[in-house]
Amino acid sequence: QVQLVESGGGLVQAGGSLRLSCAASGSIFSINAMGWYRQVPGKQRELVATITSGGTTNYTDSVKGRFTISRDTAWNTVYLQMNSLKSEDTAVYYCNAGQISYSGSYYPRDYWGQGTQVTVSS
């Protein structure tokens, strides 16, 4: 099975930057994409960014132009570079291993990290 551990969260002022890391170990055949989600209390977990095994990336509209998802060549680590942070970005961020469908939709598998807290102060 896949094991994921997030790190890199913390407290940052609005306009600042953070780089989140997701250390991955293990593998299963069906995994062909990774994603970053975030969640705030009382709301559904939100898909923020995805990257496929082929390097294709996708982002939710609210972070386009500010966040960048990337990975190392061996998929040992997936990153989320977050720039120009806003207070609205405050959340617990989770790494996920999943699948990309033929149509390009991301489907999370039940592989999650423990989450890392990102707090953006105004």
Side-chain angles (χ1 to χ4, degrees):
Q1 297 189 165
V2 176
Q3 294 182 322
L4 307 171
V5 179
E6 301 96 336
S7 62
L11 176 64
V12 64
Q13 296 181 32
S17 298
L18 284 174
R19 188 192 191 196
L20 306 184
S21 297
C22 172
S25 62
S27 64
I28 58 174
F29 179 78
S30 59
I31 298 296
N32 63 9
M34 300 289 292
W36 282 98
Y37 285 75
R38 64 187 180 186
Q39 188 170 29
V40 298
K43 294 187 177 181
Q44 296 290 317
R45 193 167 293 185
E46 175 191 24
L47 180 62
V48 176
T50 61
I51 184 167
T52 71
S53 59
T56 301
T57 59
N58 196 21
Y59 303 90
T60 190
D61 287 343
S62 63
V63 307
K64 287 181 178 177
R66 300 189 297 119
F67 290 11
T68 302
I69 187 171
S70 62
R71 61 167 178 83
D72 63 14
T73 55
W75 287 74
N76 297 126
T77 310
V78 179
Y79 304 96
L80 186 67
Q81 178 67 45
M82 305 185 296
N83 299 324
S84 302
L85 283 162
K86 305 175 181 179
S87 60
E88 300 95 302
D89 297 317
T90 296
V92 177
Y93 284 72
Y94 296 91
C95 182
N96 175 258
Q99 298 172 298
I100 294 291
S101 72
Y102 290 111
S103 64
S105 298
Y106 183 79
Y107 293 88
R109 298 290 299 276
D110 194 21
Y111 300 109
W112 302 92
Q114 82 288 353
T116 185
Q117 176 71 50
V118 172
T119 302
V120 183
S121 62
S122 300

Worksheet item: Got a sec, which hydrophobics cluster with L11, joining ILVMFWY side chains under 4.5 Å apart, including via others?
Response: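 Members alongside L11: none; it stands by itself.
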
Worksheet entry | Members besides I100 in its Ile/Leu/Val/Met/Phe/Trp/Tyr cluster (side-chain heavy atoms under 4.5 Å) |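 Taking Ile, Leu, Val, Met, Phe, Trp and Tyr as members, I100 shares its hydrophobic cluster with Y37, L47, V92, Y94, Y106, W112.
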
Practice prompt. May I ask you to decide if S53's main-chain N or O and N32's side chain share a donor-acceptor pair within less than 3.5 Å?
Written response: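 A pair under 3.5 Å: no.
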
Discussion item. Is it the case that the side chain of Q114 and the backbone of E6 share a donor-acceptor pair, with hydrogens and angles ignored and the cut-off at 3.5 Å?
Written reply: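 Here the side-chain-to-backbone pair exists.
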
Worksheet entry | Criterion side-chain contact (heavy atoms from CB on, under 4.5 Å) against V78, the qualifying member of L4, L20, I69 |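 The side-chain contact (heavy atoms from CB on, under 4.5 Å) with V78 is passed solely by I69 among L4, L20, I69.
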
Nearest 0.5 angstrom please: [X] [atom1] to [Y] [atom2], how far?
X: Y59; Y: L80; atom1: OH; atom2: CG; value: 7.5 Å
X: S21; Y: R71; atom1: OG; atom2: CZ; value: 15.0 Å
X: S122; Y: E88; atom1: OG; atom2: CD; value: 8.0 Å
X: I51; Y: N58; atom1: CD1; atom2: CG; value: 11.0 Å
X: F67; Y: S17; atom1: CZ; atom2: OG; value: 9.5 Å

Fill in: Partner set under side chain to side chain contact (heavy atoms under 4.5 Å, CB included) for S70, not counting sequence neighbours
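Per chain and number, S70 pairs via side chain to side chain contact (heavy atoms under 4.5 Å, CB included) with Y79.
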
Could you pull out the closest heavy-atom pair between [X] and [Y], with the gap in Å?
X: S101; Y: Y107; answer: CB-CE1, 3.5 Å
X: C95; Y: M34; answer: SG-CE, 3.6 Å
X: V40; Y: A91; answer: CG1-CB, 3.6 Å
X: Y111; Y: V2; answer: CD2-O, 3.4 Å
X: N96; Y: R109; answer: ND2-O, 2.9 Å
X: Q39; Y: Q44; answer: NE2-C, 4.2 Å

Is the shortest side-chain heavy-atom distance between [X] and [Y] below 4.5 Å?
X: R45; Y: P108; result: no
X: R38; Y: V63; result: yes
X: M82; Y: V118; result: yes
X: T90; Y: Q117; result: yes

Worksheet entry | CG/D110: more than 12 non-hydrogen atoms of other groups inside 6.0 Å |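 Check fails, neighbour count at 12 or below.
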
Discussion item. Check this for me: Q99, atom CD, are more than 12 non-hydrogen atoms of other residues, nucleotides or ligands nearer than 6.0 Å?
Written reply: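 Yes, CD of Q99 has more than 12 neighbouring heavy atoms, counting only those of other groups under 6.0 Å.
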
Worksheet item: So does K64 pair up with D61, basic N to acidic O under 4.0 Å?
Response: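 Salt bridge flag = yes for D61 with K64.
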
